[in-house]
Amino acid sequence: MILWLQLVLVLAGLVLVRLVYLLVTIRCTSRRKDGAQIVGAKRKGPAKTMIVMGSGGHTAEMLQIVEQLDFAKYAPRQYVIAEADKTSVVKVIDVEVRREPDLAKQQYEIVTITRSRHVHQGYYSSIFTTLMAIGNSIPVVLRSRPELILTNGPGTCVPVCLVAFLTKLFFINRNCKIVFIESFCRVKSLSLSGQILQWITDLFVVQWPGLAQNGSGLVGRKKEYFGRLSS
């Protein structure tokens, strides 16, 4: 019994050390002006990219960003969408087909997970739906093993990013980079998703200079302002 307890304590200590190392590494990572460098400056091939979509404005903003991506460098692309969000599915397909009409050359897929928080849902009840979404996200992230995750703050991104961070913590997918682009509508304060994920993202981007300057929950944290990425 004592031996098992010692083993558990040792393993817990190792996990804690690994967690601290990851958080410190993320915090101290030098700022990069070239977004492509986030997935490795010496890459020989495209980065497997996971893009988390949200309903309504989040989807519209993210698709504007996707339109600017070099599809040859960010492929294959996997879009994660909350179940029942048929509108986002249609819009994603429209962008992909417009960029590459040849079905044989298309490199994307769409997967759905449980919505972590519904509109106007209470915070306490959202804990349970978020746990369900985390459970849905585990097989998606493990199967895909993305090298880059792009998100702009929909509730769906929280379980996906948390699972991705855990795969880094336990050496399952150490090369995964998480890029969080705060929504254009967040002018003075961070979104709830941003407040939750700010400590585990490899790059946190804001679209208003005031938000970058006043910190707004990012005191002591790296934050990047490149101007408007969407409108």
Side-chain angles (χ1 to χ4, degrees), residues 32 34-55 58-116 133-181 193 197 200-203 205 229-230:
R32 298 176 172 92
D34 180 1
Q37 292 183 11
I38 273 294
V39 292
K42 299 181 180 180
R43 293 191 57 82
K44 295 182 179 180
K48 187 182 297 184
T49 304
M50 177 177 286
I51 304 168
V52 185
M53 310 301 292
S55 58
H58 282 295
T59 288
E61 288 185 24
M62 181 53 73
L63 288 179
Q64 289 183 46
I65 295 170
V66 170
E67 290 273 21
Q68 300 177 47
L69 293 179
D70 183 344
F71 276 16
K73 294 181 178 179
Y74 299 92
R77 293 167 300 285
Q78 182 181 65
Y79 296 89
V80 179
I81 301 175
E83 60 183 6
D85 184 5
K86 305 301 183 183
T87 301
S88 292
V89 172
V90 172
K91 290 182 177 180
V92 166
I93 294 175
D94 178 65
V95 169
E96 285 285 342
V97 171
R98 181 155 35 84
R99 291 284 300 270
E100 180 50 76
D102 189 344
L103 182 62
K105 296 181 179 180
Q106 292 174 1
Q107 300 184 68
Y108 80 97
E109 69 170 335
I110 296 174
V111 297
T112 59
I113 64 172
T114 303
R115 187 183 294 274
S116 59
I134 290 175
N136 287 167
S137 301
I138 291 174
V140 171
V141 175
L142 289 180
R143 179 175 64 87
S144 178
R145 292 178 178 266
E147 296 167 277
L148 173 65
I149 294 179
L150 286 177
T151 181
N152 64 338
T156 306
C157 77
V158 174
V160 172
C161 292
L162 289 177
V163 172
F165 181 76
L166 289 176
T167 63
K168 296 170 67 173
L169 178 65
F170 292 105
F171 298 96
I172 299 173
N173 186 18
R174 293 184 299 170
N175 297 322
C176 180
K177 303 297 183 182
I178 303 173
V179 176
F180 187 100
I181 303 169
S193 299
L197 299 177
I200 66 172
T201 56
D202 296 277
L203 181 64
V205 180
L229 304 180
S230 59

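This one's a predicted model, so the numbers in the text were calculated from it and none came from an experiment. What's counted below: heavy atoms across the whole structure, side chains too, no hydrogens, waters or symmetry copies.
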**Prompt:** Do the non-hydrogen side-chain atoms of Leu150 and Leu69 ever get within less than 4.5 Å of each other?
**Reply:** yes

**Request:** List the atom of Ala75, the atom of Pro46, and the distance in Å for their closest heavy-atom pair.
**Result:** O-CB, 3.5 Å

**Message:** Does Arg143 form a salt bridge (Lys or Arg N to Asp or Glu O under 4.0 Å) with Glu109? I'd like the steps, not just the answer.
**Reply:** CA-CA 13 Å; Arg143 179 175 64 87; Glu109 69 170 335; 3.6 Å; yes

**Prompt:** Which distance, rounded to the nearest 0.5 Å, do you find between the CD of Glu83 and the CG of Asn136?
**Reply:** 7.0 Å

**Message:** Treating Thr49 as the side-chain partner and Ala47 as the backbone partner, does any N or O pair qualify as donor plus acceptor under 3.5 Å?
**Reply:** yes

**Request:** For Cys161 and Ile149, work out which heavy atoms get closest and say how close.
**Result:** SG-CG2, 4.3 Å

**Item:** Nearest heavy-atom neighbours spanning Gln106 and Glu100
**Value:** NE2-O, 2.9 Å

**Message:** Just verifying a value: how many Å separate Leu148 CG and Lys48 NZ, rounded to the nearest 0.5 Å?
**Reply:** 12.5 Å

**Item:** Closest approach of Glu61 to Asn152 (non-hydrogen atoms, all atoms of both residues)
**Value:** CB-ND2, 3.5 Å

**Asked** Are the side chains of Val92 and Met53 in touch, meaning some heavy atoms are under 4.5 Å apart?
**Response** yes

**Message:** Would you say CZ of Arg174 has more than 12 non-hydrogen atoms from neighbouring residues, nucleotides or ligands within 6.0 angstrom?
**Reply:** no

**Item:** Pairwise side-chain contact, Leu197 with Ile200, heavy-atom cut-off 4.5 Å (strictly under)
**Value:** yes

**Request:** Would you indicate whether the side-chain heavy atoms of Val140 and Gln78 approach each other to under 4.5 Å?
**Result:** yes

**Asked** Hey, is the main chain of Val179 close enough, under 3.5 Å, to the side chain of Asp202 for a donor-acceptor pair?
**Response** no

**Message:** Could you tell me if the side chain of Ile110 sits less than 4.5 Å from the side chain of Ile93, heavy atoms only?
**Reply:** yes

**Request:** Check whether any side-chain heavy atom of Thr151 lies under 4.5 Å from a side-chain heavy atom of Val160, and answer yes or no.
**Result:** no

**Prompt:** Do you see a donor-acceptor pair shorter than 3.5 Å between the side chains of Tyr79 and Glu96?
**Reply:** yes

**Message:** To the nearest 0.5 Å, what is the distance between CD on Gln107 and CZ on Phe71?
**Reply:** 10.0 Å

**Message:** Tell me whether Arg145 contacts the main-chain N or O of Asn175 through its side chain, where contact means a donor paired with an acceptor under 3.5 Å.
**Reply:** no

**Request:** Considering non-hydrogen atoms only, spot the tightest contact between Val66 and Val95 and give its length.
**Result:** CG1-CG1, 4.4 Å

**Heavy-atom closest pair, residues Lys168 and Asn173** = CG-O, 3.4 Å

**Item:** side-chain contact (heavy atoms from CB on, under 4.5 Å) partner of Ile113, chosen from Ile81, Val80, Ile138
**Value:** Val80

**Message:** Is any side-chain heavy atom of Val97 closer than 4.5 Å to one of Leu103?
**Reply:** no

**Asked** Would you find a donor on one side and an acceptor on the other, under 3.5 Å apart, between the side chain of Ser193 and the backbone of Gly153?
**Response** yes

**Item:** Cys176 SG to Met50 CE distance, which is reported to the nearest 0.5 Å
**Value:** 8.0 Å

**Message:** When you compare the side chain of Lys91 with that of Met62, does any pair of heavy atoms fall below 4.5 Å?
**Reply:** no

